[in-house]
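All figures in this text were calculated on a predicted structure; none of them were measured in a lab. Excluded from the calculations below are hydrogen atoms, water molecules and symmetry mates; all remaining heavy atoms, backbone and side chain alike, are included.
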Amino acid sequence: PVTAQEEVALKAPRAFARGGFSYQGVISSAHLEQIIPNWIRACMKPETTTATGRIINFVDPDPASFSIRDIALGLARAPRFAGHTDPDLPAYTVAEHSVWVSRHCSPELALCALLHDSSEAYMVDVPSPLKGLLGDYKKIEAKISAAIYEKFGLTAQAEANYAAIKHADNLALLVEARDLRTGISTKVPGDDTTESASIRHIASIRPVGEVRARAMFLDRFVELKGF
């Protein structure tokens, strides 16, 4: 545990100087490197604090702790494909992706589709090939998603229509690969054309960036909730 003396040292004022900042003679660098890990361990809990001050517990998430404003902010700052999209275009975010998926589902599933990646507002958008290597990540992700669906009264609908929403999600993946991931082929095995016939008629995606994507997400939520 962190001692009282160490806690005082960590809270000591810092003096900024040209080329960086320096501690005002309170604690040596060597000592700081020793106590920081202990301090972090003492503070660590399986939870995070959101921009609106809500506490999200990853082990036992409370549906009441989720806010659509937090979700919109987190998703608008989470890039798809770990940010590896066309460098000449604005960032393509999970918020914009979610709006796209909601618009390519049947109207009665649109709200579920809008929130299908909402856990990533708190857990970021980890590339799918990596998720399987991260131990309990998928279990935690499922808990967060379930709590969010419960918050908005969508549990039964989400469970009953998983396949339909996943279809729209996969369709988005193909279109995103075509329009945003330079050098990535969308050719489907058995199709002798340059891209999948399923997306040939779909308009191109042009990313709008974080601020606009956040507004789009909130506007779509209000549209679908009816208030």
Side-chain angles (χ1 to χ4, degrees), residues 40-41 43-82 92-173 210 213-227:
I40 291 175
R41 281 193 293 270
C43 295
M44 286 292 282
K45 296 178 181 179
E47 60 188 31
T48 189
T49 304
T50 73
T52 62
R54 297 164 184 259
I55 304 297
I56 306 298
N57 187 295
F58 292 112
V59 176
D60 186 22
D62 178 5
S65 64
F66 292 95
S67 158
I68 196 62
R69 295 192 178 279
D70 283 330
I71 292 171
L73 177 66
L75 295 185
R77 290 180 173 174
R80 286 278 284 168
F81 309 107
Y92 182 66
T93 69
V94 180
E96 188 173 353
H97 162 82
S98 299
V99 172
W100 194 100
V101 173
S102 80
R103 295 193 184 282
H104 288 79
C105 272
S106 58
E108 64 271 16
L109 298 181
L111 184 56
C112 273
L114 183 70
L115 297 173
H116 80 282
D117 277 339
S118 53
S119 64
E120 294 175 6
Y122 309 94
M123 302 180 66
V124 306
D125 182 21
V126 176
S128 295
L130 180 57
K131 285 184 181 181
L133 304 177
L134 297 181
D136 290 335
Y137 182 95
K138 288 187 176 181
K139 292 181 181 178
I140 298 169
E141 181 182 45
K143 283 186 177 182
I144 298 294
S145 294
I148 292 171
Y149 279 135
E150 182 178 341
K151 161 78 176 188
F152 296 105
L154 297 168
T155 300
Q157 189 180 46
E159 291 175 352
N161 295 282
Y162 172 83
I165 295 169
K166 189 63 180 176
H167 174 78
D169 192 27
N170 287 336
L171 190 65
L173 184 62
E210 173 196 331
R214 180 186 176 196
M216 285 170 57
F217 185 93
L218 287 171
D219 288 347
R220 181 65 170 156
F221 178 82
V222 170
E223 175 191 346
L224 295 171
K225 287 292 285 185
F227 59 82

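Atom CD1 of I71 and atom CD1 of I68 lie 4.5 Å apart (nearest 0.5 Å). With rounding to the nearest 0.5 Å, the separation of CE in M216 from OG1 in T93 is 8.0 Å. Atom CZ of R80 sits about 10.5 Å away from atom CH2 of W100, to the nearest 0.5 Å. Here the CD-CZ distance, from E47 to R54, works out to 15.0 Å after rounding to the nearest 0.5 Å. Once rounded to the nearest 0.5 Å, the distance linking CD1 of I56 with OG1 of T48 reads 8.0 Å. Rounding to the nearest 0.5 Å places OG of S106 at 7.0 Å from CG of N161.
The shortest side-chain heavy-atom distance between D62 and N57 does not fall under the 4.5 Å cut-off. Side-chain contact between P79 and Y92 is absent, with no heavy atoms from C-beta onward closer than 4.5 Å. In this structure the side chain of V101 reaches within 4.5 angstrom of the side chain of H116, judged on heavy atoms. Residues S145 and I148 fail the side-chain proximity criterion, which asks for heavy atoms closer than 4.5 Å. Side-chain contact between L173 and F81: present, with at least one pair of heavy atoms (C-beta onward) separated by less than 4.5 Å. Side-chain contact between I140 and M123 is present, with at least one heavy-atom pair separated by less than 4.5 Å. Under the 4.5 Å side-chain criterion, counting only non-hydrogen atoms from C-beta, F221 is in contact with F152. Between V222 and D219 there is no side-chain heavy-atom pair separated by less than 4.5 Å.
Checking side-chain atoms of D169 against main-chain N and O of I165 turns up no donor-acceptor pair under 3.5 Å. Of the possible donor and acceptor atoms, none in the side chain of T49 sits under 3.5 Å from a partner among the backbone N and O of G53.
Within a 6.0 Å radius of OH in Y137, more than 12 heavy atoms belonging to other residues, nucleotides or ligands are found. By the 6.0 Å contact criterion, CZ on R69 is open, its count of non-hydrogen atoms from other residues, nucleotides or ligands being 12 or less.
In this structure, K138 does not pair ionically with E141, as no charged nitrogen and carboxylate oxygen lie closer than 4.0 Å.
Scanning all heavy atoms of the two residues, the minimum distance from V99 to F217 falls at CG2-CA, 3.7 Å. Here the closest heavy-atom approach between residue A146 and residue T155 is recorded as O-OG1, 4.4 Å. Considering every non-hydrogen atom in both R214 and A76, the closest pair reads CB-CB, 3.5 Å. Between D117 and L75 the shortest heavy-atom distance is O-CD2, 3.5 Å. A pairwise comparison of heavy atoms in Q157 and C112 identifies OE1-SG, 3.2 Å as the closest pair. Across all their heavy atoms, A82 and P127 have their closest contact at CB-CG, 4.0 Å.
Applying the side chain to side chain contact (heavy atoms under 4.5 Å, CB included) test between K151 and each of S65, S67, P63 identifies P63 as the sole match.
A donor-acceptor pair shorter than 3.5 Å cannot be found between the side chains of D125 and H97. With 3.5 Å as the limit, one finds a donor-acceptor pair spanning the side chains of R220 and S102. There is a side-chain donor-acceptor pair under 3.5 Å between D70 and T52.
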Could you give me the CA-CA distance, side-chain angles and deciding distance for F58 and Y122, then say whether ring-ring contact (aromatic ring centres under 6.0 Å, His included) is met? CA-CA 9 Å; F58 292 112; Y122 309 94; 7.7 Å; no
